[in-house]
Amino acid sequence: MRTHVVDHPLVTHKLTTLRDESTDSPTFRHLTDELVALLAYEATREVRVVPVEITTPVAPTTGVRLASPKPLVVPILRAGLGMLDGFMRLVPTAEVGFLGMVRNEETLEASTYANRLPDDLAGRQCYVLDPMLATGGTLAAAIRFLVDRGADHITAICLLTAPEGTQRLEEELADIDVPVTVVTAAMDERLNEKGYIVPGLGDAGDRLYGIAH
Ligand SMILES: O=P(O)(O)OC[C@H]1O[C@H](OP(=O)(O)OP(=O)(O)O)[C@H](O)[C@@H]1O
Ligand SMILES: O=c1cc[nH]c(=O)[nH]1
Ligand SMILES: [Mg+2]
């Protein structure tokens, strides 16, 4: 597994405001959208394309277009939904599958409450959207869902990542034969005793959409 931290002053600038506890929900949603577009630009560097012949007003030339089947993008509900529009602006023809997952805040175990993915993902490139990679339980399970259905190339886009989470992904996904890349705006210091990323940004779902319970 590869982790790519997008080291760019604009990313860090937007992320700093996102982290700030005084940032309100509308601003948080807007910044998430902007950050995802920047991360998705990096994350789609290996998107599959095929050559195509076209004619400009001046001359024939060869370009590329996205290969078929189109990429599948999978936002992890709830918080990943806040990243979908930003991704779709870059890749409007991507197909969308949904996974609803929630982490038990006591045990930190992830469980799945919704699953709308195509059954057959053979030969598909998949992009998983989840703002927080904390213990890694949620993302490990999501990637496993995709690999079990045949996905052969997986890129996760996470706003923030904790070292404990990437370590767990390395261990839990050691048996899979599919390239997995995590593209993130920052690798933070650690998790706290409640499994929150430090310094982090708090609960991404709550900051996007309000308190869940
Ligand atoms: O790496 P992990 O320790 O598994 O934690 C990360 C998960 O926690 C958050 O979701 P949450 O369970 O809060 O659900 P929500 O998106 O509905 O708020 C976040 O959006 C990730 O999906
Ligand atoms: O810091 C964290 C960890 C898990 N989920 C969040 O939303 N934030
Ligand atoms: Mg949450």
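In listed order, ligands and their atoms are each counted from 1. Residue indices begin at 1 and follow the sequence shown.
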* To do: Using 2.8 Å as a strict upper limit, say whether an N, O or S atom of D203 approaches the Mg ion (ligand 3) that closely.
  =>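 Yes, D203 qualifies, because one of its backbone or side-chain N, O or S atoms lies under 2.8 Å.
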* Asked: Who gets closest to atom 1 (O) of ligand 1 by heavy atom: G195, G136, G165?
  ->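 Minimum heavy-atom distance to atom 1 (O) of ligand 1 goes to G136.
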* To do: Show which atoms of ligand 2 fall inside a sub-4.0 Å distance from at least one heavy-atom site of G195.
  =>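 Numbered from 1, ligand 2 contributes 3 (C).
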Given that the side chain starts at C-beta and the backbone is N, CA, C, O, which of these parts of [X] lies under 4.0 Å from ligand 1, counting heavy atoms, or is it both or neither?
X    : answer
A79  : both
T138 : both
A110 : neither

* Asked: Do other residues, nucleotides or ligands put more than 12 heavy atoms under 6.0 Å from the NE2 atom of H30?
  ->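 Atom NE2 in H30 is not packed in, count stays at 12 or less.
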* Between Y127 and R45, is there a cation-pi geometry (under 6.0 Å to ring centre, at most 45° from the normal)? ->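 Here R45 fails the 6.0 Å and 45° test against Y127.
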Considering only non-hydrogen protein atoms, determine which one is nearest to [atom] and report residue, atom name and distance to 0.1 Å.
atom                   : value
atom 7 (O) of ligand 2 : A204 N, 2.8 Å
atom 8 (N) of ligand 2 : G202 O, 2.8 Å
atom 1 (O) of ligand 2 : I197 N, 2.9 Å

Less than 3.5 Å between some nitrogen or oxygen of [X] and one of ligand 1, yes or no?
X    : value
L133 : no
R103 : yes
Y113 : no

* Do the charged groups of R78 and D206 touch, with an N to O distance under 4.0 Å? ->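 Between D206 and R78 there is a salt bridge, with a charged N closer than 4.0 Å to a carboxylate O.
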